[in-house]
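This is a predicted model, so every value here is computed, not measured. Ligands are counted one by one from 1 in listed order, and the atoms in each one are counted from 1 as well.
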Amino acid sequence: MSTDTIVALATPGGRSSISVVRLSGSKSIFFAQKLSGSKYEFYKRCVVVLPVYIKNSEKIDDAVYIFFKSPASYTGEDVIEICCHGNPVIVGSVLDRLCHFGARVADPGEYTKRAFINGKMDLVQAESVGLLISARSKDAAKHQSRNLSGGLSKTISLIRDDLLVSLSSLEYEFDISEDDSGIGGLLNKSLKVMNNNILLVKDLLRSYVRSKAYQQGVRVVICGQTNAGKSTLMNALLDSNRSITSDTAGTTRDTITSDLVVGGVPITLVDTAGLRDPQTPIEKEGVARTWKEISRADLIISVHSGDTQPIDYNDNTECLYVFNKVDIGSPGPGDCASLSVSALRGDGIDGLWKKIEDVVLSLSYTGSDIFINTARQKDSLRLCLDSMVRTKKALKNGAHELELAAFELRAAINSLDSFLGKVTSEDILEKVFTGFCVGK
Ligand SMILES: Nc1nc2c(ncn2[C@@H]2O[C@H](COP(=O)(O)OP(=O)(O)OP(=O)(O)O)[C@@H](O)[C@H]2O)c(=O)[nH]1
Ligand SMILES: [Mg+2]
């Protein structure tokens, strides 16, 4: 790992009451002293107001310097946070000056990577830092905060402990024990452990849907023929004038999106161009975009009315058929709509929201508060599950496959170690941390 002292702006760029520039590394004190033109003796957790000097000893600001002595800091190294006034000119000068003294601008996620390498957190917690910062709903933030306190890691560690105990018994049996009489009991006990943990790991694998919903949001796409009232419905759902509406067929040309939160899950509501034989190249492009949105939708709201037909999507995506303009006509017998609304008058909109919420929650339901967060975690668990299933098979085959069972069990434990980042490669770390922002 690089031992440079790194520096970056920890708060967003632009003007604000304060900005925080963070130094981390063994030369943090030295650089802070040079920046402040003082020999101030920083002591553990001290907070002090000192000047900020830029080139030619010109003072540009006074700042609050906060010192976190290693190892009691975010990264585990000496960290100094310099809270100066939030002006890009001041912040730029501070960064330039510190780099001039020898600090290096941090790579994305480098502070958290150092925290991981210095044992301040495991890889699951490190991943949650990034996800907490990018959380799009209160529930998503609360979940990542729980993970940061070790919730998911604890669950995985318990599974690992269970497997380890089983492995020790198996290894004892074929390494040391000369007594074959207890082997039946051992096989049964190990099988029980396998069955329990296979169920737990399967649940965790299934839980990835919730996390994907939290991170990527659920895409709810309103579509139908032109003039069905899609844009009016979009506006009614949002209670705002987001989309242009008119009685001219083909009014909406492009996709129009709006982000909101439903039942704790972030969703993107999308209004689309109406589907009909396009009459101009621009409309053709709009219709192509509608089909693209339909193909990536998690939930389709298919709108029709007395004078337009429902679109038949014919695929596996969840779909709510909505009959609109119920104020001027009713759905005929055999109409596919599960709900009638008048987008113009706002009738039935609360009921539609309820149905949308039900689908969104069912799409992201996991049945548990603990869920996995990243494709990396999912891959490690998948490998663990495969190894446990093979362990179970070997155990079922009886005493002569004991060694094979132990081999597979060790592989399962190794997968959990990779999950927690106990064993990891530079490649994996690179992938985990490059998604972070600079300064975190
Ligand atoms: N009476 C009545 N008229 C409605 C209702 N919803 C929409 N309309 C009218 O139907 C016409 C078309 O509405 P839009 O919302 O622009 O329809 P659209 O499906 O977005 O149409 P395109 O963007 O062209 O595909 C407008 O004149 C709306 O005022 C409704 O619930 N009742
Ligand atoms: Mg429209």
Colleague: Looking at D386 and R390, does any basic side-chain N land under 4.0 Å from a carboxylate oxygen?
Modeller: no
Colleague: Below 2.8 Å, any N, O or S contact between T272 and the Mg ion (ligand 2)?
Modeller: no
Colleague: Which residue supplies the protein heavy atom nearest to atom 6 (N) of ligand 1, what is that atom called, and how far is it?
Modeller: N324 ND2, 3.1 Å
Colleague: Quick check for you: to the nearest 0.5 Å, what is the distance between I80 atom CD1 and C46 atom SG?
Modeller: 7.5 Å
Colleague: Can you name the atoms of ligand 1, numbered from 1 with element, that are less than 4.0 Å from a heavy atom of T245?
Modeller: 15 (O), 16 (O)
Colleague: So, R242 side chain and T257 main chain: donor-acceptor pair closer than 3.5 Å or not?
Modeller: yes
Colleague: Say whether, by atom type as modelled, one donor and one acceptor occur between the side chain of Q225 and the main chain of S305 under 3.5 angstrom.
Modeller: no
Colleague: Identify the protein heavy atom lying closest to atom 12 (C) of ligand 1, giving its residue, its atom name and the separation to 0.1 Å.
Modeller: N227 OD1, 3.0 Å
Colleague: Under 6.0 Å between ring centres: does that hold for F323 and H304?
Modeller: yes
Colleague: Is it the side chain, the backbone, both or neither of L344 that has a heavy atom closer than 4.0 Å to ligand 1?
Modeller: both
Colleague: What residue and atom, counting heavy atoms only, is the protein's closest point to atom 26 (C) of ligand 1, and at what distance?
Modeller: S246 O, 3.5 Å
Colleague: Check whether any N or O atom of G229, backbone or side chain, sits under 3.5 Å from an N or O atom of ligand 1, and answer yes or no.
Modeller: yes
Colleague: Are any of the N/O atoms in D271 less than 3.5 Å from those in ligand 1?
Modeller: no
Colleague: What do we get for V341 next to ligand 1 when only non-hydrogen atoms under 4.0 Å count, side chain, backbone, both or neither?
Modeller: neither
Colleague: Could you identify the single nearest non-hydrogen protein atom to atom 10 (O) of ligand 1 and state the distance to 0.1 Å?
Modeller: K325 NZ, 3.1 Å
Colleague: Going by the closest heavy atom to atom 2 (C) of ligand 1, which one wins out of D327, V303, I244?
Modeller: D327
Colleague: Does D347 come within less than 4.0 Å of ligand 1, judged by its heavy atoms?
Modeller: no
Colleague: Identify which of Q225, K230, M234 has a heavy atom lying nearest to atom 18 (P) of ligand 1.
Modeller: K230
Colleague: Cationic tip of R22 within the cone over Y111's six-membered ring, i.e. under 6.0 Å and within 45° of the normal?
Modeller: yes
Colleague: Among D247, L233, T232, whose heavy atom sits nearest atom 27 (O) of ligand 1?
Modeller: D247
Colleague: Is it the side chain (CB and beyond), the backbone, both or neither of S305 that lies under 4.0 Å from ligand 1, heavy atoms counted?
Modeller: neither
Colleague: If only side-chain N and O atoms count, and only distance matters, is there a donor-acceptor pair under 3.5 Å linking S418 with S380?
Modeller: no
Colleague: Would T226 count as a polar contact of ligand 1, with the cut-off being nitrogen or oxygen pairs under 3.5 Å?
Modeller: no
